[in-house]
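Written below as structure tokens is the structure these notes are about.
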Number of protein chains: 2
Amino acid sequence: MLPEPYDLLPTTARQSHTIAAGDVLFQQGARTRGLYVLITGRVHLERVGPNGERLIIHRATSGTSFAEASVFSERYHCDAIVMDAGELVRIDKSAVLAAFANPDFARAYGRHAAQQVQAHRQIMEIVGIRRAEDRVMAGIVAGLLDGTVIDFAARLQLTHEATYRALRALVEAGRVTNPSRGTYRLA
Amino acid sequence: MLPEPYDLLPTTARQSHTIAAGDVLFQQGARTRGLYVLITGRVHLERVGPNGERLIIHRATSGTSFAEASVFSERYHCDAIVMDAGELVRIDKSAVLAAFANPDFARAYGRHAAQQVQAHRQIMEIVGIRRAEDRVMAGIVAGLLDGTVIDFAARLQLTHEATYRALRALVEAGRVTNPSRGTYRLA
DNA sequence: TCTGGAATATGATTTCAATCATATGCTGCC
DNA sequence: GGCAGCATATGATTGAAATCATATTCCAGA
């Protein structure tokens, strides 16, 4: 099943593909065909700067969509390169544009987008916290520590070592509990 | 004039207010009335963690909207506190929800939101670059250095001192030019 | 025109997270 | 059952950005 709000689109708008490492899904300047939902695998979006610098714009992960803005533009403005094999669904640009005439889809899209913006803003605030201990604490309060500590560390833009150390310091300060190996909770 | 896509809403949906430092626009748990567009001044969104920790969710700046997701929820999930006096426009929740029945508004909203998400993802990628010099370079390539260096530094989550030093190093490396005090361009 | 504040800029020092290294526990799988 | 791989965990060292300090330039406004 596709993630919201794309589950509301007719199945004719979707096209499943398996992807292999190295595949190029689209290139900067190519006519836009639509957005993508990555089911499994890894995809990088990269842009080449005016002087040839390669700049990673985004790293798409399982279960998330990317190139959403392409729906509203004529040309892709970056390259999409498959890093790890997997599968994805391409969602037709015109189908999405047409679906905005359906208030249910439009609202679902709006809600989804607004929540994503909100989440991004919050993570950016947290990442702006300098001290690793404070950052980790804020991350926990924000509920970002759901999966592994390593994933948590990546979201906080910290090394996992620094994150483990901060967690231990927080446990020692009594602000966090460590009921079992690998699990941490607010004290 | 309001920023997109809210300029498409009927004027009856807007309400201008002057705000003073310390004002509380809404509180966590209060019934949602709508979103806000900050014209001038500064507003912090804060959430109180389960153990009383204050966590800044977002710092709204001039010309930007905030609390967009409140349109899709019953209660505000954070506090909005005015830091610096200014003015803002409150945009009625029901008017926005109703406007999604208008495909023009829905598409404008979608486009705006998708672009914002894209911009956030890119900034997060850039902020994840560890070396100050590389981060600053990426920031320049991404076109983030439009205003002052201090604002640029804040967007990169670097101190302005580190940013100035990185800029100088990039100029000395011939990767960036410094045609005049305070202006930097790709070489 | 003088003044105050902010942006620009850079130097000195400190701090703390990154890095490198290593060990252990857990899990899946052959 | 044993092994490979990964997450967890922590120690030692290094390096680079934060911090603190200071000077200059620029601009707005009294």
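Chain letters run A, B, ... following the sequence lines, proteins first, then strands; residues in each count from 1.
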Return the value, rounded to whole Å, for the distance between atom [atom1] of [X] and atom [atom2] of [N].
X       : N       : atom1 : atom2 : answer
I129(A) : dA18(D) : CD1   : P     : 15 Å
H160(B) : dG5(C)  : NE2   : C1'   : 14 Å
L145(A) : dA7(D)  : CG    : P     : 14 Å
R135(A) : dA18(C) : CZ    : P     : 7 Å
D84(B)  : dA6(C)  : CG    : P     : 11 Å
F152(B) : dT8(C)  : CZ    : P     : 12 Å
E161(A) : dT24(C) : CD    : P     : 18 Å
D134(A) : dT15(C) : CG    : P     : 16 Å

message: Between E74(A) and K93(A), does any NZ, NE, NH1 or NH2 come within less than 4.0 Å of an OD or OE carboxylate oxygen?
response: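 Yes, charged N to carboxylate O under 4.0 Å.
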
Within the pair [X] and [N], is there a side-chain N or O less than 4.0 Å away from OP1 or OP2?
X       : N       : value
Y164(B) : dT10(C) : no
Y184(A) : dA7(D)  : no
T159(B) : dA18(D) : yes
R130(B) : dA17(C) : no
R168(B) : dG11(C) : yes

message: Quick check for you: among dA17(D), dT24(D), dT8(D), whose closest atom lies nearest to any side-chain atom of L158(B)?
response: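 Within the option list, the nearest is dA17(D).
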
- prompt: Between dT8(D), dT19(D), dA18(D), which nucleotide has the shortest distance from any of its atoms to the side chain of V149(A)?
  reply: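 Closest of the options to the side chain of V149(A): dT8(D).
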
task: Step by step, work out the salt bridge (charged side-chain N to carboxylate O under 4.0 Å, His left out) result for E161(B) and R165(B).
output: CA-CA 6 Å; E161(B) 295 99 321; R165(B) 275 186 258 272; 5.8 Å; no

message: Ring-plane angle category for Y36(A) and Y76(A), please: parallel below 30°, perpendicular beyond 60°, tilted otherwise.
response: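 Taking Y76(A) first and then Y36(A), their aromatic rings sit tilted (interplane angle of 30° to 60°).
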
- prompt: Hey, what's the ring geometry for Y109(A) with F105(A), parallel, tilted or perpendicular (30° and 60° as the breaks)?
  reply: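 The arrangement is tilted - the two ring planes meet at 30° to 60°.
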
query: Any donor-acceptor pair under 3.5 Å between the side chain of R165(A) and the base of dG11(D)?
result: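 Side chain to base: pair found, below 3.5 Å.
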
- prompt: What about R131(B): does its side chain form a donor-acceptor pair under 3.5 Å with the base of dT19(C)?
  reply: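 Flag unset: no donor-acceptor pair detected.
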
- request: Supply the members, apart from V117(A), of the Ile/Leu/Val/Met/Phe/Trp/Tyr cluster built from side-chain contacts under 4.5 Å; use none for a lone residue.
  value: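 Other cluster members: V117(B).
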
